[in-house]
Each structure stands twice: as C-alpha cells, then as structure tokens.
Amino acid sequence: MNSSAALNAFKALLTPAQILSVPEDMAPFLCDWRKRYFGKALAVLLPSNTAEVAQIVRICAEFHISLVPQGGNTGLCGGATPDQSGSQVVLSLKRMNHIRALDLDNQTITVEAGCILQSIQDAAAEQGLLFPLSLGAEGSCCIGGNLATNAGGTNVLRYGNARDLCLGLEVVTANGEIWHGLRGLRKDNTGYDLRDLFIGSEGTLGIISAAVLKLYPMPVCQWTSLVATPSIPATIQLLNLFKQKATSLLTGFEMMTAESLALTEKQFPQMRNPLGENPPFTVLIELSDHESEAHARNLVEAILAEALELGIATNAVIANSIAQANTFWQMREHITLAQAQEGANLKHDITIPLSAFENFITATDQVLREKYPQVRIINFGHLGDGNLHYNVAAPTGVDSTIFNAANEALVHDIIYSMVEKFGGSISAEHGIGQLKMRDLRAHKGAIAHDLMQMIKTALDPHNILNPNKVLPAKVN
Ligand SMILES: Cc1cc2nc3c(=O)[nH]c(=O)nc-3n(C[C@H](O)[C@H](O)[C@H](O)COP(=O)(O)OP(=O)(O)OC[C@H]3O[C@@H](n4cnc5c(N)ncnc54)[C@H](O)[C@@H]3O)c2cc1C
C-alpha cells in the first residue's frame with residue numbers, strides 16, 4: 001500500500017511530535033478559517049527545516065501522495081484544506097519559524113516560511129525598521145502563506161502587496177530539490193523571474209521554505225482619521241485629494257459602508273463609530289510621516305479642511321492617541337469577524353478600476369436586488385487599491401446556510417459577470433484556492449488559463465502539489 005509505505009517513510013524521517021495522524025490532533029488543520037471546507041488527511045506533517053521538507057516531498061513523489069502546504073490556515077479560498085479522500089498529507093510549515101538574518105545595510109530580513117507575520121513586523125521594529133505587510137490575520141498568518149497567496153492588506157497603497165515586498169525565495173520543488181533563490185537584490189535581470197512564478201501560486205508549483213523581504217525606514221508618526229463621505233464619487237475625490245497633497249505619506253485608505261459598520265456594531269456593541277450615526281461611507285485614512293508629528297498633523301488638518309469645504313467630506317475625527325487610532329483600525333478589521341459571527345455569507349474579493357467603481361456598484365446592486373430584494377449587501381474594502389469586498393448575506397431571519405446553498409452559484413455569476421463587464425478582477429488579494437477555481441477560466445481567459453496549466457505541468461508533472469487548487473487536476 002502506497003499510503004502505509006509513505007507513512008513508514010515519514011516515521012523514519014520525523015519525530016513522533018512532527019507527525020499527527022489521530023483525528024482530534026489533525027482536526028484544526030483540516031478545515032479552513034471560515035469553516036467552509038472540511039477535508040481528511042493521511043497525516044499532518046510538521047517539518048523543522050528545509051531539508052526535511054525536501055525529503056517529505058521526495059517521499060510523496062515516490063509514493064504518489066499529494067500534499068497540501070499550510071501556514072497559518074487563515075486563507076479565505078480553501079487553498080490550505082485537503083480534499084475528502086483522506087489520501088493527502090497536510091504539510092504545515094509552522095515549526096519553521098526562525099528569523100535567519102536581518103541585514104541593516106541591505107535593509108532586508110531573511111525569514112523561514114512559518115514565521116508569523118506579526119513576529120516579522122516586531123523583529124524589524126526592534127531595529128527601527130518597518131516590514132509594511134499588514135492584514136487583519138497578521139497575528140496568525142505565516143509569511144509563506146502570505147507569499148503563496150500574494151497577500152495584500154492595508155498598506156498596499158504605499159508599499160505594494162506581498163510580491164512587491166519580496167526579493168528572494170527558497171523553494172522546494174515538486175521533485176524534492178531545493179531552489180536556493182534567497183537573494184537580497186533589488187536588480188536581477190537574469191531571465192525568467194522564478195520568484196514571481198512561485199509568489200501567488202498557492203502551493204501548486206513549489207513549497208516556499210524561506211524568503212528575503214524588504215524593510216523600510218520606520219515612520220516617526222502616523223495620523224489616523226475617520227472621515228464621513230456622502231457618496232462613492234466623493235470618496236474617490238477624497239482619495240485623489242489625499243494622493244495629491246500627502247503624496248507618499250498616504251499609507252491607508254479604507255472604505256466602510258453604513259451597512260458593514262451596522263453589522264459590526266450589532267456583533268460587537270462596544271465598537272461605535274466616533275462619527276456618530278453611520279454616514280453612507282466612513283473612510284479610514286492613515287498618513288505616515290518621517291518628519292514630525294506637527295508636520296503630519298498640520299497636513300491632515302489642512303487636507304480635511306479642504307475636503308469639508310469642497311463637500312466631499314461631511315465630518316471627520318482625527319485620532320488623538322495611538323490607542324484611539326487602534327480602535328479606528330479595529331472597526332475596520334472587525335467587519336470580517338462580524339460577518340463570520342453573523343453567519344456564512346457570499347464573499348467576493350474583487351478589484352474594479354476606480355473610474356468604474358460607482359457604476360459597478362449601482363449596476364450590481366440593482367441586478368442583485370431585482371433577483372433578491374431583501375438580500376443584505378455588506379461592502380467595504382481597500383478603496384485606495386480599487387479593492388472591494390462585495391459580500392452578500394441572506395435576508396434577516398433567513399437561514400444563511402440554506403440561502404447560500406440555494407443561491408451561491410447564481411449570486412457569484414451575477415457579480416462576476418458584472419466584474420467582467422466593468423474591467424475588474426474576480427480575485428483582488430485572497431487568491432483562487434478551491435473557491436474560485438471553476439470561475440477562473442472564464443474570467444482569466446482561455447489562453448492565459450492554458451499557459452498556467454502548461455506551467456503547472458512543467459513544474460509539477462505528477463500533480464502532487466496541492467492538486468485541484470487554482471487549476472483543476474488533469475485526468476490522465
Ligand atoms: C481576519 C482576516 C483578515 C484577512 N485580511 C486579509 C487582507 O487584508 N488581505 C489579504 O490579502 N488577505 C487577508 N486575509 C486572508 C489570509 O490571511 C491571507 O490569505 C494570508 O496570506 C494567508 O496566510 P496563511 O499563512 O494563513 O496561509 P494558509 O491559509 O495556510 O495558506 C494559504 C495558501 O497558501 C498555500 N501555502 C501556505 N504556506 C505555503 C508555503 N510555505 N509554500 C507554498 N504554499 C503555501 C496554501 O497551500 C494555500 O493554498 C485575511 C484573513 C482573515 C482570517
């Protein structure tokens with residue numbers, strides 16, 4: 001039997017603590033954060049170093065066992081959950097959590113894939129430096145998962161997404177070789193960019209075991225404000241005003257609708273909008289300054305005064321302490337948690353060109369409401385990046401599980417066809433995983449999809465790396 005021979009080989013390689021095979025021990029690794037996907041596994045393996053990862057992959061290749069890489073298991077597309085066959089292994093990188101080096105001259109940090117994102121931010125901060133990747137799950141997601149999903153988050157506007165923050169990778173390939181691409185170079189034009197191929201590949205092309213990341217000077221201060229706006233066009237005008245006046249000091253621009261904040265207040269009554277009754281749109285704006293507190297404060301006040309004068313903002317509060325700034329961010333971050341508590345909803349992590357934003361929302365809301373008049377639309381997102389989380393919740397009082405099962409396909413179709421119509425993308429930052437795999441070909445285009453399939457076949461000919469994620473497994 002392949003599986004028992006593979007298990008014996010894993011036991012010869014790893015300590016008992018590194019192999020979980022009892023159902024209760026494996027359970028946390030077998031379902032996703034949203035509890036939408038539940039899988040089974042032959043075992044959960046927890047290697048401690050890259051050499052062990054490489055040997056595990058070689059054993060898997062020999063015995064035709066497929067494996068599912070996993071970091072913090074906070075992904076929102078089911079990419080880290082194994083299938084129902086019970087024949088796959090989950091490869092958790094959690095134990096590989098060492099910071100290998102911090103290079104002050106090069107302003108880089110070299111980390112293992114299982115490092116928790118927040119621990120990397122903290123290590124950089126201890127040296128007065130900033131690792132700018134930041135997202136709601138930063139206390140539990142791992143850098144390997146961030147790179148595998150090309151995570152975005154709240155600082156993309158200024159610093160880019162995970163891809164933009166990575167200079168080099170160490171990767172275990174599908175035949176168990178180690179690609180030593182851990183280079184901290186800002187220029188390296190040596191043919192095809194293998195690093196970029198693995199980033200965003202969601203564990204389907206190779207296993208990221210370590211990375212070299214870019215660091216930045218730590219700003220001396222941040223000013224966070226909440227601003228009420230009357231409409232989407234006003235919100236976009238406000239964004240452009242801040243871009244023009246604050247230029248690179250603008251590091252965050254998050255939009256929250258009244259509905260999304262009402263849901264947060266319902267689930268977390270301590271979270272109150274300091275702007276009073278929720279306006280149509282509440283925008284969280286963050287400026288990070290390298291000069292002085294006074295410089296930043298004066299700038300924020302001047303821009304907000306102009307926005308109020310122009311009527312593109314109707315009210316504003318500036319956080320007067322770090323604690324208050326944190327509560328502003330918590331309002332934003334608790335929307336996702338509030339949605340999870342309210343019951344499963346149909347999520348759409350999309351990007352739309354800002355010039356088409358309003359028309360997209362108006363048209364999509366209209367089509368949805370014609371079909372489902374009582375449905376709740378919970379919109380929020382990283383507006384500075386054109387990224388909208390367009391989420392649809394069952395009407396109040398209707399069982400969300402029943403509603404979602406009956407309507408999911410049609411709701412996705414309505415929204416994704418509108419995304420297509422307005423020139424957007426069906427995945428802004430969460431990836432494809434298994435959630436969007438079936439939609440990918442139609443929206444990516446047949447040629448792009450075929451090229452992706454060719455790359456997959458070339459790098460993983462036996463399809464052992466996270467099969468049926470991103471691309472459907474080919475039937476031979
Ligand atoms: C509250 C909350 C807020 C969030 N906010 C954001 C946000 O603002 N922006 C955003 O982009 N995402 C966000 N996410 C989604 C999620 O946190 C990110 O996708 C994150 O990058 C996943 O990291 P992880 O370590 O949890 O990966 P996992 O969930 O463990 O894995 C994700 C995918 O990467 C693969 N993978 C994991 N590790 C490796 C590796 N070492 N090598 C190869 N493949 C690997 C897995 O197989 C899977 O396909 C949020 C999630 C939550 C729960």
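Counting starts at 1 for both ligands and their atoms, following the listed order. Counting begins at 1 with the first residue of the sequence.
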| Between E429 and ligand 1, does any nitrogen or oxygen pair lie at a separation below 3.5 Å? |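 It does: an N or O of E429 is found under 3.5 Å from an N or O of ligand 1.
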query = Any N/O of L135 closer than 3.5 Å to an N/O of ligand 1?
reply =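 No, no N or O pair falls under 3.5 Å.
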Given that the side chain starts at C-beta and the backbone is N, CA, C, O, which of these parts of [X] lies under 4.0 Å from ligand 1, counting heavy atoms, or is it both or neither?
{"X": "T149", "answer": "side chain"}
{"X": "A113", "answer": "side chain"}
{"X": "N161", "answer": "neither"}

Under 3.5 Å, is there a donor on one side chain and an acceptor on the other for [X] and [Y]?
{"X": "Q222", "Y": "S288", "answer": "yes"}
{"X": "H348", "Y": "H412", "answer": "yes"}
{"X": "Q434", "Y": "T81", "answer": "no"}

E286/R158 under side-chain contact (heavy atoms from CB on, under 4.5 Å): CA gap, chis, key distance, verdict: CA-CA 11 Å; E286 183 190 78; R158 165 71 180 86; over 6 Å; no
Strictly under 4.0 Å, does any heavy atom of [X] approach an atom of ligand 1?
{"X": "H382", "answer": "yes"}
{"X": "G206", "answer": "yes"}
{"X": "G433", "answer": "no"}
{"X": "K469", "answer": "no"}

For a 4.5 angstrom cut-off between non-hydrogen side-chain atoms, does Y390 reach F360?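 The answer is yes; the side chains approach within 4.5 Å.
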Checking the side chain of S260 only, and the main-chain atoms of F380 only, is there a donor and an acceptor separated by less than 3.5 Å?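 Here the side-chain-to-backbone pair does not exist.
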* To do: Locate the shortest heavy-atom distance separating F422 from P353; write the atom from each residue and the value.
  =>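 Looking at all heavy atoms of both residues, the closest pair is O-CD, 3.3 Å.
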For atom 15 (C) of ligand 1, state which one of D32, T74, V470 supplies the nearest heavy atom.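 That would be T74.
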### Query
Which is closest to atom 47 (O) of ligand 1 in terms of heavy atoms, S209, P69, S134, G72?
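Residue with the shortest heavy-atom distance to the ligand atom: P69.
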I'd like to know whether CZ of R100 has more than 12 heavy-atom contacts from other residues, nucleotides or ligands below 6.0 angstrom.
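Count over threshold, so yes.
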